[in-house]
Participant: 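Would you mind keeping the following structure in view while I ask a few things?
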Amino acid sequence: MFRICLSIMLGVVLVLPGELLAQPTTSRVYGTPRKRPRKRPDPKKPDKARPKKPDKARPKKPDKARPKKPDKARPQKPDKARPRKPGKTPPRAKAPPRRRRLMPWGQPRGANTPARRVGGPPRPGPIPDRQVTPWRPRVRATQMDPNKAPGIGFTIAGVRVLGNKKTTRGMVLLHARVPLGNPFTLKIRDLIRRNLLASPFCKSVTINWELHKTKPGAVILFITMEERITWIVSPSFSYSDGNYGGSFLFKEKNLLGSGKLLRIFAGYNNEAQRLTVQYRDPNILYSPVTWAIKVDYQRFNLKEYDPSPEGIRNGTLLRTQTFQQFMTGLALGYFWYNWVNTSIQYQFGLVDFGVPRCQRASPSTQVTLQRCPESSLTLDPMALGRSYYVGPMAILNDNGQWVDSIDQRGRFWNWKRDAQIQLKAGIVRSQTIYGMRRGFDLQWQINIASKNLGGEFNYVTWFLRYEHSFNFAKSRDFGARHNLTIFAEQAATHNAPYFRELRTGGADLRGYISQQLAGDTMTRFRAQYKLHMFTLGWFMFRAVAFYDSAWIFYRAGGREETRMEERDGLRRYYLPHAAGPKSRTLWNNGIGTGLRIHIKPLSMGSIGVDVAYGFEARAVRFLVMIGS
């Protein structure tokens with residue numbers, strides 16, 4: 001039995017390994033057969049390629065972004081400054097981080113910038129959060145063309161105002177007239193600057209711009225201004241033959257920083273005394289609507305000179321009459337397109353007039369003014385003994401008598417009423433920069449007085465004025481070096497009382513006495529040339545040359561004898577030789593020269609001295625104006 005078991009075990013040991021080696025082996029771990037060696041293709045037999053099955057791509061699942069946890073900033077511990085030990089230097093402060101240098105293609109140099117490929121263009125880097133300006137070589141300001149500066153031609157998207165300590169931003173923009181939404185050019189920049197310099201509150205202006213940070217192709221303008229003194233307390237003085245005196249003026253052109261005007265004027269001279277208070281709002285809530293109120297009292301002397309050629313040469317005064325007037329008015333206006341203005345004003349006043357006085361030659365050849373004679377045909381001094389006279393203008397009282405004064409024992413409410421409607425329309429295209437005017441103005445005005453408006457007079461007065469100024473050799477420092485101004489006026493009155501007739505002379509017609517020429521129809525012309533000579537601190541000195549001309553007459557005049565007219569309860573006496581439409585004395589001319597001094601930081605008039613020669617008067621006369 002033992003021998004049988006031993007023989008079976010030896011047979012198994014000897015036969016089993018051969019059987020195992022004859023069979024193919026398999027992996028014990030994964031159960032996948034080993035790869036057999038690839039058979040070489042037989043060149044005689046064609047390859048039979050099996051058709052490949054299309055790959056079925058599984059749909060990818062969307063990535064679920066995990067919410068980032070907010071970074072918990074660790075609270076920084078306060079630095080505990082160690083006490084400094086003697087003999088040791090304090091630690092150096094850390095230098096600020098250096099600004100990253102820009103690469104030539106606009107990307108910052110650093111670890112995140114990809115390496116530049118050899119032999120080809122640089123690889124595109126990460127898109128920065130803000131637009132980085134490419135590197136350009138430096139160009140001096142003198143080498144850069146202003147018309148090619150960055151931002152020229154871009155849209156104006158906004159305006160910022162700097163330096164306006166008193167003036168409101170709305171008032172600055174109202175005068176600047178910035179065309180928002182239009183392309184920005186250097187011409188628009190200069191126009192904005194001129195508009196601000198012509199305003200009453202701006203002394204100097206600088207305009208810069210920068211590219212808009214969020215709007216491509218747009219710029220923002222920066223207006224940096226220096227304000228001038230807009231209020232003034234100024235005495236003034238004027239002198240001309242026949243008129244001399246002074247005045248006191250308080251004027252604020254920028255009240256409350258909104259461009260409102262407050263004017264208080266008090267004047268006294270040998271012809272008139274006046275007190276005026278005026279308030280004007282040029283823009284109600286920054287709109288084109290304006291309004292103004294005015295209260296005025298004046299006492300004035302109306303003078304009549306001998307209208308004959310000999311009387312004009314000698315300046316002979318024949319008679320005068322004193323008037324008092326109290327007027328108040330309320331005006332409402334509107335600006336169209338920022339340069340066309342229209343207004344309507346209602347004026348109501350009370351008028352009183354005194355006894356006229358005429359010239360009288362005494363036995364001692366002294367010329368005095370006494371009560372005029374009753375006879376209106378002559379001014380014979382022997383007729384002065386008459387006790388009753390009706391003056392140049394007289395009224396018919398309730399008793400049917402002609403009187404030359406109201407004579408109501410000083411009762412203010414018994415003065416004659418004068419009520420009128422005043423209509424104005426004008427085109428204003430002019431500016432005054434440092435005392436030099438440029439552009440043109442066209443003004444039309446008509447005053448209609450009627451008893452239906454609450455007055456006691458019926459008359460019409462109208463004016464048409466045109467003024468044009470030309471500037472040459474313009475400068476940023478003094479406006480212009482050369483200035484030529486042409487002025488023309490046509491005026492007429494119809495059925496006007498004596499105190500509403502037209503008069504000229506003195507400052508209006510240089511070379512003649514103030515009020516020397518009178519009439520109811522007038523045409524005036526003036527040409528004036530200014531030359532800027534030099535500037536001394538705040539003072540600008542200009543030389544002046546001028547030519548004045550006036551054509552004035554009475555439509556009812558022209559007769560040798562005095563003519564009397566009665567109309568609407570009024571009586572008017574004309575002097576002998578009163579100039580008519582065909583009179584030789586109706587056209588008078590003057591020529592002369594002068595000096596103007598303009599004070600740059602003050603919003604006031606110039607100081608002027610003129611010397612004029614009147615051709616028909618054959619005399620040299622002076623005119624002095626200070627602060628006018």
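Note that the structure is predicted; figures quoted are calculated from it, not measured.
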Participant: Write down the atom of Ser549, the atom of Asn589, and the distance for their closest heavy-atom approach.
Facilitator: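 Where Ser549 meets Asn589 most closely, the heavy atoms are OG-OD1, 2.9 Å.
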Participant: Can you confirm if the aromatic rings of Phe248 and Phe265 lie within a centre distance of less than 6.0 Å?
Facilitator: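 Ring centres of Phe248 and Phe265 not closer than 6.0 Å.
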Participant: Please tell me whether Asn447 and Thr461 have a donor and an acceptor in their side chains that are separated by less than 3.5 angstrom.
Facilitator: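 Result is no, nothing qualifies.
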Participant: Where the side chain of Asn483 meets the backbone of Arg437, is there a donor-acceptor pair that is under 3.5 Å apart?
Facilitator: yes
Participant: What verdict does the ring pair (Phe, Tyr, Trp, His ring centres under 6.0 Å) test give for Tyr297 and Phe326, after you've listed the backbone C-alpha separation in whole Å, the side-chain angles of each residue and the deciding distance to 0.1 Å?
Facilitator: CA-CA 5 Å; Tyr297 169 80; Phe326 176 82; 7.2 Å; no
Participant: Tell me whether the guanidinium CZ or amine NZ of Arg503 lies under 6.0 angstrom from the six-membered ring centre of Tyr498 and within 45° of its axis.
Facilitator: yes
Participant: Is there a donor-acceptor contact under 3.5 Å linking the side chains of Thr320 and Arg357?
Facilitator: no
Participant: May I ask you to check whether Tyr279 and Trp291 place their ring centers less than 6.0 Å from one another?
Facilitator: yes
Participant: Please check if the distance between the ring centroids of Phe541 and His532 is under 6.0 Å.
Facilitator: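 Here the rings of His532 and Phe541 have centres that are no less than 6.0 Å from each other.
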Participant: Are the aromatic ring centres of His482 and Phe472 under 6.0 angstrom apart?
Facilitator: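 Here the rings of Phe472 and His482 have centres that are no less than 6.0 Å from each other.
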Participant: Donor-acceptor pair, distance only, cut-off 3.5 Å: does the side chain of Arg228 make one with the backbone of Cys202?
Facilitator: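 Checking the backbone N and O of Cys202 against the side chain of Arg228, a donor-acceptor pair under 3.5 Å is found.
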Participant: Side-chain contact, heavy-atom cut-off 4.5 Å: Gln443 with Asn341?
Facilitator: yes
Participant: Partners of Gln528 by side-chain contact (heavy atoms from CB on, under 4.5 Å), sequence neighbours excluded?
Facilitator: Arg510, Lys530, Val544, Phe546, Arg596
